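Notes for the one structure printed next.
All figures in this text were calculated on a predicted structure; none of them were measured in a lab.
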Amino acid sequence: MSVSVLSPSRRLGGVSGILQVTSLLILLLLLIKAAQLYLHRQWLLKALQQFPCPPSHWLFGHIQEFQHDQELQRIQERVKTFPSACPYWIWGGKVRVQLYDPDYMKVILGRSDPKSHGSYKFLAPRIGYGLLLLNGQTWFQHRRMLTPAFHNDILKPYVGLMADSVRVMLDKWEELLGQDSPLEVFQHVSLMTLDTIMKSAFSHQGSIQVDRPSDPTEEGSTTEGGGAGEDQEEEALGFSGHPPLGQRAPGLPRPCWCSGWNCFRNHLDQMPYTTMCIKEALRLYPPVPGIGRELSTPVTFPDGRSLPKGIMVLLSIYGLHHNPKVWPNLEVFDPSRFAPGSAQHSHAFLPFSGGSRNCIGKQFAMNQLKVARALTLLRFELLPDPTRIPIPMARLVLKSKNGIHLRLRRLPNPCEDKDQL
């Protein structure tokens with residue numbers, strides 16, 4: 001008796017055969033992929049044999065060591081234990097070499113290696129491909145086109161807009177002084193910064209701070225570092241001849257609110273102590289903890305160690321700024337490190353990166369920091385909340401895990417009319 005070609009048993013036999021062949025192909029592909037990963041890992045191990053690191057898991061790498069927001073502490077431990085550089089295994093077949101020695105970083109910053117897009121690719125749908133994400137000739141053309149717009153003389157007229165945004169923020173703080181509790185300032189500072197950018201870059205006529213009032217009890221979670229607890233700073237504006245903040249020298253009245261932005265619009269480069277304080281704060285809390293690069297050609301460092309093409313390196317700005325071989329008493333807030341003529345900041349201070357890809361807006365940022373600091377300290381004394389000290393943690397930018405809480409004390413105004421500010 002013959003079996004029909006279309007019988008159920010014949011059809012089941014055909015499906016079973018297809019499944020078996022498919023399973024064998026999948027297994028073969030998995031074996032090939034596993035062999036590729038093994039060979040790649042062996043190549044990485046050989047390439048990095050000159051760079052010791054803590055023991056790592058063959059599959060999970062060092063990822064378990066950097067859980068619970070302990071990355072910054074682990075970086076400081078590595079800086080003390082492993083000189084100049086240390087590999088960080090993300091998983092079994094992926095590694096990046098953290099660099100925190102100024103001579104090592106100088107070598108990389110002097111090259112034109114493309115950025116490693118692993119940390120930035122998710123930003124592309126939101127911000128597009130601009131200076132942050134572009135590489136090569138396209139980046140160079142965009143950079144050359146935009147550079148004149150950030151010349152110091154071009155930026156000076158924006159100081160008035162900065163001062164106006166800061167004044168709105170400080171007025172809101174005065175309204176909140178009646179509350180007997182620390183003020184979480186991150187949200188306020190963020191809106192003030194956004195306000196300044198909207199007015200400067202887009203000629204926005206309103207005020208983001210007024211249109212979108214912030215909740216003073218809201219727990220902010222990020223910070224660009226250095227602003228909390230600066231109660232040890234001594235100058236109000238940083239001008240030569242100004243008395244310390246809150247004190248009155250013989251024959252010199254304390255600076256008043258109504259001096260306004262015209263008082264220092266043309267003197268931003270004559271605020272040495274203010275600049276020193278800002279730089280020291282940026283050393284302790286760099287806005288961007290690290291910058292990734294992918295080596296396009298082999299590189300040899302000053303001590304003779306080398307890395308091949310294709311290795312990802314991370315310029316650890318946080319590690320560089322907390323390198324005890326570079327910065328003595330590195331946890332102490334000491335603005336004198338950046339006194340004029342100091343040799344330290346010339347090669348080991350990179351809050352805005354360095355080389356050809358340094359931050360194009362660094363002068364704009366420094367101007368805003370000077371204006372905000374000067375006007376804030378003319379109106380308030382800032383004291384940290386000892387019960388909620390900010391806990392920094394590394395993300396795409398440096399953040400505070402628990403917000404930035406300050407106690408404010410209003411200072412008397414020697415002038416009668418503060419509306420001129």
Pair Arg111-Thr297, side chain to side chain donor-acceptor pair (under 3.5 Å): steps then yes or no: CA-CA 10 Å; Arg111 294 160 52 97; Thr297 58; 3.0 Å; yes
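Between His321 and Trp327, the two ring planes are perpendicular [angle over 60°; tilted spans 30° to 60°]. In this structure, Phe60 and His57 have tilted ring planes: the angle between them lies in the 30° to 60° band.
Under the side chain to side chain donor-acceptor pair (under 3.5 Å) criterion, no residue pair touches residues 35-55, with sequence neighbours excluded. Sorted by first then second residue, the ring pair (Phe, Tyr, Trp, His ring centres under 6.0 Å) pairs that include residues 291-311, not counting sequence neighbours, are Tyr104-Phe301.
With respect to the salt-bridge test (charged N to carboxylate O, under 4.0 angstrom), the residues Arg74 and Glu71 do not qualify. The pair Glu175-Lys172 does not count as a salt bridge, with every side-chain nitrogen at least 4.0 angstrom from each carboxylate oxygen. We find that Asp171 and Arg379 are joined by a salt bridge, their nearest charged nitrogen and carboxylate oxygen being less than 4.0 Å apart.
Summarising the geometry of Val97 relative to Ala85, their closest heavy-atom pair is CG1-CB, 4.1 Å, with the distance given to 0.1 Å. The nearest pair of heavy atoms linking Phe364 to Met162 is CE1-CE, 3.5 Å.
By the side chain to side chain contact (heavy atoms under 4.5 Å, CB included) test, Thr22 pairs with Ile18, Ile26, sequence neighbours left out. Applying the side chain to side chain contact (heavy atoms under 4.5 Å, CB included) test to Ile360 and every residue at least two apart in sequence or in another chain returns Leu131, Arg143, Leu146, Thr147, Phe150. With sequence neighbours excluded, no residue forms a side chain to side chain contact (heavy atoms under 4.5 Å, CB included) with Lys106. For Pro114, the side chain to side chain contact (heavy atoms under 4.5 Å, CB included) partners are Asn135, Ser296, not counting sequence neighbours.
With no hydrogens or angles considered, a side-chain donor-acceptor pair links Gln76 and Tyr318 at under 3.5 Å.
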